[in-house]
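Encoded as structure tokens, the structure appears first; notes follow it.
None of these values were measured; they are calculated from a predicted model.
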Amino acid sequence: MVDQILDTIIPQDEALGLPSAARINFDAYCAQYGIQDLVARYGNLVELTAEAKLGKPFRHLDADERFAIITATSAKNFRLYSSFVIHVMRAYYTHKQVLSQIGSGAVPPFPTGNIIDQGDWDLLEPVYERGPIYRAIEDFS
Amino acid sequence: MSDIADILIVGSGASGAAAAWSLAHVPGVKVVCLEQGAATLPEHYPSIAADWELRRQDSYNPSPNVRRLPADYPIDDSSSPIAIANYNAVGGSTILYSGHFPRFHPSDFRTKSLDGVGDDWPLSYAELLPFFKQNEGMMGVAGLVGDTANPDYDNLLPPVPLGPVGRRIGDAFNKLGWHWWPSYSAINTHKHQGRAPCVNLGPCNTGCPQGAKASVDRTYWPAAKAMGVALMPHARVSHITLDAAGRASGALYIDADGREHHVTARMVVLACNGIGTPRLLLNSKCPAFPNGLANDTGLVGKNLMLHPLGFVEGVFEEDLHSSLGPHGCCLLSQQFYETDRDRGFVRGYTMQVLRGAPAVETATAGLLRRQISIGKNHHRDFGRVFNRTAGIAIITEDLPETHNSVELDPTTRDSNGLPGVKIRYTLSENSRKMLKHGIETGRQVFEAAGGKVISAVSPVRHTGWHLMGTVRMGDKADNSVVNRHGQTHSVKNLFVVDSSIFVTAGAVNPVATAQALTLYICDHIKRNLSTLL
């Protein structure tokens, strides 16, 4: 069920080459940050909300219904909902494939780094032309 | 166990490193530096991994209260709207700073004469000028000469690239008729002093594994150690000791195994920053100084200045690759630096343009602000923000006020049982007016740039990096702790060389000025060594 929740929060986008959040090894992230209990509690909230609102288990819902249930959990327990979703964002946007596809430069940044345009220093001409703006001080020559 | 030094330096950060290097030039003088933190390993810095945005949040977090490393001490900043940031290691906070490196202006040393606020420094910009230049040569500073807001730069490395976002904002400043200039950046844009050039990793403020950013573990320390300075990490100083004649005789320190040692020294130089230095002095009580060493006037720990900071963030319609490049070093504006009383406040501020937020920060902030949704529109929403944002930090001049202070906190202890500190700080009315003005001008910049403001906050809480004023300098012993040479008025062989001795705060990142001041003081020490030792 966690995969279905993840897929609802961040679905795949084939055109952009971006995976669903269910395909980024979220289990490993959970283990690294010790959030298995939070994930279980949020899963339970989702299940209870699905049963209460639609009378069906979350896994039997269609995509629109799943989205509605995930959204509804924010009203029931915003703290738990936002903690879970932020962890999904943290896991998703540190995944190498995701970072490579969104234009975040070298992944990881070191050692390759990035090339940045130097810039057009002619842009500073108007600043030069206005002359000094620092305050003149008597004991400073 | 007891060790012997001629000159003992406490603290290995920006000023301690510069002092070690300068004093190492004296033949036959043994210089020892004690540092409570460890030497960092660049191969462990966050930006070596894809999840660097997460790694920076624990052991490289700028808050000592989050890191809680053995070298950290508790700082209770719950009575301050600005939380304290620092890093306790060889190199100090330069390990995590962004390397934004402008100098104070000439007027910053004369605020009382010019504007009737703060106090004049007992020295001038002109006296510091040779030491600004010496320091910039050692550190390696990129920028462009000819700045109309900053006189006297004549030798800089090529500027850090503006990139598309910098050009866009520079153009906006031009439309407004306002000053802007490429940042003064302590970042090698060419190979310099044996260090590699910048490759635009981005998160300079998580440590630079490339070694291009001028953290002092890469600049001053290799040279100082080569000249014989003994640098001792994991050595936490608990007390400065005095001899029977009332002269500093050395320091007690605790090693990594919790054992206490005494270093005997003929001169002691403190460089622990605007919080660590008063902490050590206040903790060094003795019969001659029952309220803390050199604290006869009660001024140790007073006049804390933090540079209250405002932040305006804007988003553009176009992808400007804005998350790429040194995050804190792009361009600055000092249009509103000098006093203009028509603005309703005295003194002024710098606008420091910051590049765009990285991916996790974009996603989580966007989610909380409801700019980025979950579900089928998530990728569309994320793509409308990521690489399209920029920030403007409003760095305001903070005036000295005695009620803003650092004091020992008997309710907290560090890993060696020494007391932590309590910060008491309130924003002045002048600072509030300045922040309001800065937020408004930041909005105007984004408007002129064709962007849309998505966030405007002041003061930003987790920005207390600039720690100044708590051991102030002055000619008179009744209103200052040290004289113009950093020498404490009451203990003649005890010197302070860090930003705690600043009389006023200026409105720029303080490291360039702190290090120039350190070199100036050490030059005086070297010239007068025979009478001081």
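- Of the atoms belonging to A:Ser104, heavy atoms from both backbone and side chain fall under 4.5 Å from chain B.
- Using a 4.5 Å cut-off between heavy atoms, A:Gln101 does not touch chain B at all.
- In this structure, no portion of B:Thr189 lies under 4.5 Å from any heavy atom of chain A.
- The two residues A:Tyr134 and B:Asn150 come nearest to each other via the heavy atoms CD2-N, 4.1 Å.
- For A:Leu16, the part lying under 4.5 angstrom from a heavy atom of chain B is the side chain only.
- Residue B:Trp181 touches chain A through both its backbone and its side chain, counting heavy-atom pairs closer than 4.5 Å.
- Interface remark: of the candidates A:Pro108, A:Gly131, A:Gly113, A:Pro11, A:Pro108 forms the most heavy-atom pairs closer than 4.5 Å to chain B.
- Note that CE of A:Met89 is 9.5 Å distant from CZ of B:Phe382, once rounded to the nearest 0.5 Å.
- In this structure, the portions of B:Asp51 lying under 4.5 Å from any heavy atom of chain A include both its backbone and its side chain.
- The heavy-atom pair separating B:Val145 from A:Tyr128 by the smallest distance is O-OH, 3.7 Å.
- In terms of heavy-atom proximity, B:Gln335 sits nearest to A:Ile133 at CA-CD1, 4.3 Å.
- The salt bridge (charged side-chain N to carboxylate O under 4.0 Å, His left out) test with A:Arg135 is passed by exactly one of B:Asp115, B:Asp340, B:Asp108: B:Asp115.
- Aromatic ring orientation, B:His378 versus A:Tyr93: tilted (interplanar angle from 30° to 60°).
- Residue contact with chain B, scored on non-hydrogen atoms closer than 4.5 Å, involves the side chain of A:Val107 exclusively.
- Contact of B:Pro158 with chain A is not made at all, since no heavy-atom distance falls under 4.5 Å.
- In this structure, the portion of A:Leu99 lying under 4.5 Å from any heavy atom of chain B is its side chain and not its backbone.
- Using a 4.5 Å cut-off between heavy atoms, A:Pro126 touches chain B through its side chain atoms alone.
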Can you list the steps and then say if A:Ile10 with B:His379 is a side chain to side chain contact (heavy atoms under 4.5 Å, CB included)? CA-CA 8 Å; A:Ile10 305 183; B:His379 296 298; 3.5 Å; yes

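- Heavy atoms closer than 4.5 Å to chain B are found in both the backbone and the side chain of A:Arg90.
- Proximity to chain A involves both the backbone and the side chain of B:Leu114, based on heavy atoms less than 4.5 angstrom apart.
- We find the CD1-CG distance between A:Ile116 and B:Asn200 to be 4.5 Å, quoted to the nearest 0.5 Å.
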